[in-house]
Amino acid sequence: LVNTMFMPSGAHLIELFPYAFSHGMYENGLGAGLGYSSYTLTTRVVAPMLAKYGGDEKLCIQKSSDCKVFYRADYSKLTLNDADLDALRQIVTHAMDSVSDILPTHR
């Protein structure tokens, strides 16, 4: 996310997370006046070590670095379902509305 250093104040960052993983590291716009939205995909992906934690993804991520890396850096194909697409459509619409004041107008 180093590219955010080139975003103007008032721009909006949208962060997309794989299933069962998210963090709030960039919620405050990196102190640069950026808007921020995040979304975590809802299509379940099962980590190989998940059974050891009773099927609880959050517990698995907290207790196992392998589990955290699996969910954070899962290299499987990401699947967006209709609910994901609807939510992302709303997020992008909100982001575009929030940056409309900083976009140049064309005549």
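Because only heavy atoms are used, hydrogens play no part in the values below, and waters and symmetry mates are left out as well, while side chains stay in.
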_Residues forming a side-chain contact (heavy atoms from CB on, under 4.5 Å) with Lys68, sequence neighbours excluded_ = Phe21, Ile61, Arg72
*Using the rule that two of Ile, Leu, Val, Met, Phe, Trp, Tyr join whenever any of their side-chain heavy atoms come within less than 4.5 Å, decide whether Met96 and Leu88 are in one cluster.*
yes
*Shortest non-hydrogen contact from Ser22 to Thr40?*
CB-OG1, 3.5 Å
*asked:* List the residues meeting side chain to side chain donor-acceptor pair (under 3.5 Å) with Asp86, not counting sequence neighbours, and say none if there are none.
replied: Arg89
*What heavy-atom pair brings Ser37 and Ile91 nearest, and what distance separates the two atoms?*
CB-CG2, 3.5 Å
*Check whether Met49 and Val69 end up in the same hydrophobic cluster, where Ile, Leu, Val, Met, Phe, Trp and Tyr are linked by side-chain heavy atoms less than 4.5 Å apart.*
no
*Do the non-hydrogen side-chain atoms of Thr79 and Leu41 ever get within less than 4.5 Å of each other?*
no
*Tell me the ring pair (Phe, Tyr, Trp, His ring centres under 6.0 Å) pairs involving residues 41-61, sequence neighbours left out?*
none
*Qualifying residues under side-chain contact (heavy atoms from CB on, under 4.5 Å), relative to Thr42, sequence neighbours excluded*: Tyr39, Asn81, Asp84
*Point-to-point distance, once rounded to the nearest 0.5 Å, from OH of Tyr71 to SG of Cys60*: 6.0 Å
*Heavy-atom pair of closest approach, residues Val45 and Tyr19*: N-CD2, 3.5 Å
_Nearest heavy atoms of Phe17 and Ser38, plus distance in Å_ = CE1-CB, 3.6 Å
*Which atom pair, heavy atoms only, marks the closest approach of Ala95 to Ile14?*
CB-CD1, 3.9 Å
_Just verifying a value: how many Å separate Leu50 CG and Lys52 NZ, rounded to the nearest 0.5 Å?_
12.0 Å
_Could you measure the distance from the CG atom of Leu34 to the CE atom of Met7? Nearest 0.5 Å is fine._
5.0 Å
*Please identify each residue that fulfils side-chain contact (heavy atoms from CB on, under 4.5 Å) with Pro8, with sequence neighbours left out.*
Ala11, Ile102
*asked:* For residues 78-100, which residue pairs pass the ring pair (Phe, Tyr, Trp, His ring centres under 6.0 Å) check, not counting sequence neighbours?
replied: His12-His94
